[in-house]
K.L.:
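Please read through the structure below; I'll follow up with questions.
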Amino acid sequence: MPETPAAVAAEISALRAAVRARVPSKKPKNLLIGSWNLRAFGDVTPKWSAAANDSPKRDWRAVALIAALMSYFDVISVQEVRRETEALRFLLTRLGPNWKVITSDVTEGDEGNGERLSFIYDSTRVQPSGLVGEIVLPSTVTEPAQQFARTPYAASFRREDIEFILTSVHIIWGKNVTERIPELTKFANWMRRWADRPTDWNRNLLVLGDFNIDRMGSDLYKALFSTGLFPPAELNEVPRTIFSNDRNKNFYDQIAWFSDFQTMDNVLTGLRYEGVAGGFDFLPFAFHGKTKAEVSWRISDHYPLWVEFQLD
């Protein structure tokens with residue numbers, strides 16, 4: 001691993017201190033799940049400071065800062081990992097040998113955008129429990145299957161003796177909001193049917209990722225959450241992107257799970273949500289002097305989201 005310059009080490013230390021003040025620490029009986037859209041996370045410039053003529057602008061410094069933030073979670077779902085995996089490989093090097101990855105292949109085609117979906121996890125805290133797969137829509141008698149632009153990806157994990165399944169998604173952006181509704185509706189309905197099958201491998205289903213939901217209460221919001229998925233209220237006021245402001249709030253990124261329609265009781269088994277969730281604004285702690293747009297290509301234009309569960 002290349003030696004970290006003193007200035008970068010100090011920046012990482014300040015970021016870590018800020019994360020510790022905002023994110024619960026890892027304890028024997030908790031589980032910390034995160035989700036983060038890392039903008040165009042593919043290649044990396046192999047130096048600590050990318051020059052003006054370097055491409056990409058994401059360098060070792062940027063990935064080291066991403067790793068420092070990620071290390072506070074047990075497992076994190078990452079969207080926009082690209083075909084190139086140099087940044088991903090360097091990220092795992094920075095996280096250390098106990099960190100592992102499960103990743104999908106790239107969704108082909110223009111709408112796939114050369115993206116894959118990944119789960120990065122601390123193997124001292126969680127382990128894969130066997131299930132992994134992509135969500136593929138079936139064809140019908142009257143029409144062929146219309147697949148997702150970027151195939152949703154699911155993997156099961158175990159924390160102690162409690163299993164949970166994470167399903168990551170990055171909904172198509174499209175030319176306008178209405179183009180996202182059919183795909184989002186199909187995904188939500190598919191997850192509902194999966195949750196309802198009595199003999200399926202479906203214990204503790206969670207969905208997380210970038211749903212490109214424009215705002216709370218919109219048709220997109222209703223399409224996802226009318227199926228009984230529960231979004232933590234603690235995330236309602238958390239900004240999703242570094243460009244969000246009071247005039248342009250969005251609900252792009254989400255972490256949710258199924259709850260009872262009538263009582264809204266948590267129907268997770270062995271996991272208890274106690275209202276602890278949030279995001280993390282990394283802008284004050286990274287790349288001082290850079291514009292938001294410049295930081296977005298180095299770290300991301302999205303903030304990470306996280307939730308904490310207690311183990312029953």
Side-chain angles (χ1 to χ4, degrees), residues 1-23 25-26 32 34-106 114-127 242 280-304 306:
M1 181 186 298
E3 184 176 353
T4 307
V8 176
E11 188 177 29
I12 291 171
S13 179
L15 176 72
R16 286 185 179 277
V19 178
R20 283 196 300 270
R22 294 163 174 80
V23 178
S25 60
K26 296 181 181 182
L32 293 160
S35 181
W36 200 358
N37 180 326
L38 286 178
R39 186 175 194 177
F41 196 70
D43 206 353
V44 62
T45 292
K47 59 176 71 171
W48 284 107
S49 181
N53 60 344
D54 283 332
S55 181
K57 296 304 180 188
R58 180 174 283 123
D59 50 25
W60 285 342
R61 173 187 175 188
V63 178
L65 288 164
I66 292 169
L69 206 168
M70 277 190 180
S71 66
Y72 287 85
F73 306 118
D74 293 323
V75 56
I76 184 165
S77 167
V78 182
Q79 300 84 46
E80 280 203 42
V81 176
R82 290 295 183 82
R83 188 185 302 274
E84 303 86 359
T85 58
E86 290 307 308
L88 179 63
R89 294 177 188 278
F90 187 70
L91 173 66
L92 291 169
T93 299
R94 290 294 307 189
L95 285 167
N98 291 326
W99 285 82
K100 313 295 181 183
V101 64
I102 297 174
T103 190
S104 71
D105 58 358
V106 171
E115 293 181 24
R116 63 178 87 235
L117 295 164
S118 304
F119 299 105
I120 300 172
Y121 63 97
D122 180 351
S123 65
T124 67
R125 297 273 295 177
V126 301
Q127 298 80 38
I242 65 175
F280 182 78
D281 180 359
F282 50 80
L283 286 176
F285 311 101
F287 289 99
H288 292 161
K290 299 290 186 186
T291 66
K292 287 184 178 181
E294 289 172 329
V295 175
S296 77
W297 290 107
R298 288 162 172 80
I299 296 184
S300 184
D301 53 342
H302 288 244
Y303 295 122
W306 56 268

K.L.:
Once ring pair (Phe, Tyr, Trp, His ring centres under 6.0 Å) is applied, do any residues pair with Tyr121, and if so which ones, sequence neighbours excluded?
P.N.:
Phe157

K.L.:
Is there a donor-acceptor pair under 3.5 Å between the side chain of Asn98 and the backbone N or O of Ser123?
P.N.:
no

K.L.:
Using a 3.5 Å distance criterion without hydrogens, assess whether the side chain of Ser77 forms a donor-acceptor pair with backbone atoms of Ser35.
P.N.:
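No, because the side chain of Ser77 does not come within donor-acceptor range (under 3.5 Å) of the backbone of Ser35.
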
K.L.:
Return each pair, listed once, that meets salt bridge (Lys or Arg N to Asp or Glu O under 4.0 Å) where at least one residue sits in residues 38-47; pairs must be two or more places apart or across chains.
P.N.:
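Applying salt bridge (Lys or Arg N to Asp or Glu O under 4.0 Å) to every pair that reaches into residues 38-47, excluding sequence neighbours, yields Lys47-Asp54.
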
K.L.:
With sequence neighbours left out, write down each residue that passes side-chain hydrogen bond (donor to acceptor under 3.5 Å, both in side chains) with Thr103, or none if nothing qualifies.
P.N.:
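Residues passing side-chain hydrogen bond (donor to acceptor under 3.5 Å, both in side chains) with Thr103: Ser118.
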
K.L.:
Is there any side-chain hydrogen bond (donor to acceptor under 3.5 Å, both in side chains) pair reaching into residues 85-96, and which pairs are they, with sequence neighbours excluded?
P.N.:
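Listed once each, the pairs are Thr4-Arg94, Thr85-Arg89.
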
K.L.:
Under the side-chain hydrogen bond (donor to acceptor under 3.5 Å, both in side chains) test, which residues partner Glu84, sequence neighbours left out?
P.N.:
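Residues passing side-chain hydrogen bond (donor to acceptor under 3.5 Å, both in side chains) with Glu84: none at all.
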
K.L.:
For Phe90, give me all partners under ring pair (Phe, Tyr, Trp, His ring centres under 6.0 Å), at least two apart in sequence or on another chain.
P.N.:
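For Phe90 the ring pair (Phe, Tyr, Trp, His ring centres under 6.0 Å) partners, ignoring immediate neighbours, are Trp60.
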
K.L.:
Run the side-chain contact (heavy atoms from CB on, under 4.5 Å) test against Ala18 and tell me which residues pass, sequence neighbours left out.
P.N.:
Arg22, Phe280, Phe285

K.L.:
Under the salt bridge (Lys or Arg N to Asp or Glu O under 4.0 Å) rule, what pairs show up with a residue in residues 285-296, not counting sequence neighbours?
P.N.:
none

K.L.:
Hey, does the side chain of Thr45 reach the backbone of Lys57 with a donor-acceptor pair shorter than 3.5 angstrom?
P.N.:
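Not at all, since once roles are kept as given, no pair shorter than 3.5 Å links the two residues.
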
K.L.:
Tell me every residue that passes side-chain hydrogen bond (donor to acceptor under 3.5 Å, both in side chains) with Lys26, counting only those two or more places apart in sequence or in another chain.
P.N.:
Asp122

K.L.:
Treating Arg82 as the side-chain partner and Glu115 as the backbone partner, does any N or O pair qualify as donor plus acceptor under 3.5 Å?
P.N.:
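Such a contact is absent between Arg82 side chain and Glu115 backbone.
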
K.L.:
List the residues meeting side-chain hydrogen bond (donor to acceptor under 3.5 Å, both in side chains) with Glu11, not counting sequence neighbours, and say none if there are none.
P.N.:
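Applying side-chain hydrogen bond (donor to acceptor under 3.5 Å, both in side chains) to Glu11 gives Arg61.
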
K.L.:
Is there a donor-acceptor contact under 3.5 Å from the side chain of Arg58 to the main chain of Ile299?
P.N.:
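Side chain of Arg58 to backbone of Ile299: a pair is present.
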
K.L.:
Got a sec, which residues hit side-chain contact (heavy atoms from CB on, under 4.5 Å) with Arg20, two or more places apart in sequence or on another chain?
P.N.:
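Arg16, Ala17, Tyr72.
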
K.L.:
Can you tell me if Ser13 uses its side chain to pair, donor with acceptor, with the backbone of Ala10 under 3.5 Å?
P.N.:
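No, Ser13 side chain to Ala10 backbone: no donor-acceptor pair under 3.5 Å.
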
